Student: 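Quick one: this structure, given as structure tokens, is what I'll be asking you about.
Because the structure is predicted, anything quoted here is derived from the model rather than measured. Letters A, B, ... mirror the listed sequences (proteins, then strands); counts begin at 1.
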Amino acid sequence: MEKTYYNPQDLKKFGNISEFSPGLAEKFFSYYGEVFAEGELTAREKSLIALAVAHTVQCPYCIDAYTVDSLEKGSTEGQMMEAIHVAAAIRGGASLVHGVQMMNKVKEIVM
Amino acid sequence: MQQSLKKSNHQLADTLIQLEVLNQATQQGSQFPAFTQKLRGLNLFPLKPTHLDIFQVNVGKMCNQVCKHCHVDAGPDRKEIMTRATMQQCLTAIAASSVRTVDITGGAPEMNPDFRWFVEEISKLGREIIVRCNLTIIVANKKYHDLPAFYKTHNVHVISSLPYFSAMRTDAQRGQGVFEDSIKALKMLNAVGYGQEGSDLILDLVYNPSGAFLPARQAGLELEFKKKLKAGFGVDFNNLFAITNLPISRFLDYLIQSNNYETYMEKLVMAFNPAAAANVMCRNTLSVGWDGYLYDCDFNQMLELKVSPSAPQHISAFNEAALNNRNIVLNQHCYGCTAGAGSSCGGTTA
């Protein structure tokens with residue numbers, strides 16, 4: 001067993017997932033590549049979205065990868081932190097908005 | 001102020017040690033593929049010059065700044081300065097050559113006492129003159145305040161480093177207060193007509209990453225720089241060149257100290273771009289050191305890798321035909337010029 005669950009060296013082995021299922025991996029990586037290409041959103045905007053999502057799904061590989069990628073796409077430290085705050089706001093908001101459900105229930109059962 | 005690697009007797013001041021690092025096995029025991037092998041695969045080895053277009057002269061390593069990434073290891077403590085006699089040898093060579101552009105670099109080239117004389121003499125030869133001005137020199141001392149007017153008189157093409165449009169990243173790389181002084185200098189250049197619409201006085205900026213990552217797309221960065229510098233500071237410029245940091249000298253030291261060396265080299269190797277390889281700047285450039293020795297590029301110069309022994313070694317023996325027939329000297333740092341969109345003193349190449 002590895003000493004830790006996450007090994008930074010494993011990030012560059014991402015492509016190896018094709019070893020156990022080449023067809024699905026090929027479809028995934030082809031899709032992945034297309035998703036991040038310049039489109040209606042710029043590649044830089046997509047990288048910032050990926051960075052924010054990486055923090056939401058708390059994937060250390062993705063955080064490393066999209067921190068570097070965001071810098072290499074020309075994002076500033078401020079833009080990157082703002083993107084993470086967007087993720088944090090949605091995450092926090094998602095908890096808080098359930099407060100309405102809690103309040104509904106309270107009002108249902110409390111005199 | 002920080003000292004140069006040389007002044008502090010750092011082991012990387014020895015270029016042989018730098019080359020040793022660049023060619024050593026990784027921690028896993030594997031070896032990065034040889035750059036020469038990559039070119040062999042593209043039928044580009046041995047790499048030959050296409051023609052001589054740019055004559056780049058390093059007039060000295062003395063500088064008023066000590067930038068953390070400097071490949072020259074320049075600074076106030078560097079005393080290597082080109083003499084007027086060597087400059088005269090350069091002028092004789094330029095006059096007899098097909099060179100279109102003379103690219104003057106340093107250090108801060110303006111700190112060479114014969115800098116202005118050299119520019120005036122090149123101007124008489126009717127060649128384009130580039131000066132790689134670090135900007136802060138213009139405001140460093142009263143005697144330099146008239147540099148923008150001097151550049152204008154000789155229609156000098158000014159190329160200046162400004163790693164970012166924010167003080168945080170610029171100062172982290174180039175020293176405390178450099179961003180503020182750079183903005184002051186840019187405004188002085190703008191005031192005499194540099195970078196202005198309708199003016200033929202060209203002011204280009206150079207972006208290089210403030211760390212162990214590759215530059216963003218040049219065109220996108222240029223738009224962003226233009227927008228931010230105009231809105232934030234009222235500054236105009238013409239073009240932005242995105243340049244990759246090569247793993248030598250102080251940037252190599254940074255990579256090793258920050259434990260980023262292998263990852264960065266791996267990034268450069270993985271991003272090898274055949275189109276950039278065909279367009280590397282050493283194919284149309286000759287680099288002259290402060291002491292008149294000849295090199296394929298400014299990076300080879302700082303690694304003390306002189307031009308192939310089959311070609312003249314010193315500017316006093318300049319021979320364009322023989323130089324055009326030389327094999328360009330390559331090593332592992334060359335991956336820096338072929339990664340991604342490619343990199344040269346004039347920005348991306350692919």
Student: Within a 6.0 Å radius of atom CG on Asn259(B), are there more than 12 heavy atoms belonging to other residues, nucleotides or ligands?
Tutor: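 Counting neighbours around CG of Asn259(B), 12 or fewer heavy atoms of other residues, nucleotides or ligands fall under 6.0 Å, so no.
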
Student: Counting heavy atoms not belonging to Gln31(B), are there more than 12 under 6.0 Å from its CD?
Tutor: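 Enclosed.
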
Student: Tell me if the CD atom of Glu180(B) is crowded by more than 12 foreign heavy atoms within 6.0 Å.
Tutor: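 No.
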
Student: Considering all heavy atoms of both residues, which atom of Gly74(A) and which atom of Ala216(B) are nearest to each other, and what is their separation?
Tutor: N-CB, 3.3 Å

Student: Heavy-atom pairs under 4.5 Å with chain A are the metric here; pick the option from Phe165(B), Tyr207(B), Phe213(B), Tyr164(B) that has the most.
Tutor: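 Maximum pair count with chain A is reached by Phe213(B).
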
Student: What distance separates Glu224(B) CD from Arg44(A) CZ, expressed to the nearest 0.5 Å?
Tutor: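 Answer for the CD-CZ pair, Glu224(B) versus Arg44(A), is 4.0 Å.
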
Student: Is there a donor-acceptor contact under 3.5 Å from the side chain of Glu72(A) to the main chain of Leu214(B)?
Tutor: yes

Student: Taking the side chain as everything from C-beta on, heavy atoms only, tell me whether Arg217(B) gets closer than 4.5 Å to Lys73(A).
Tutor: no

Student: Check each atom of Thr76(A) against the heavy atoms of chain B and say whether the ones under 4.5 Å are side chain, backbone, both or neither.
Tutor: both

Student: Met270(B) versus chain A, heavy atoms under 4.5 Å apart: side chain, backbone, both or neither?
Tutor: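 Interface part for Met270(B): neither.
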
Student: Taking atom CZ of Phe20(A) as the centre, does the number of heavy atoms from other residues, nucleotides or ligands within less than 6.0 Å exceed 12?
Tutor: no

Student: Pro215(B) versus chain A, heavy atoms under 4.5 Å apart: side chain, backbone, both or neither?
Tutor: backbone

Student: A quick test of your reading: do over 12 heavy atoms of other residues, nucleotides or ligands sit less than 6.0 Å from CD1 of Ile17(A)?
Tutor: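 Correct, the count exceeds 12.
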
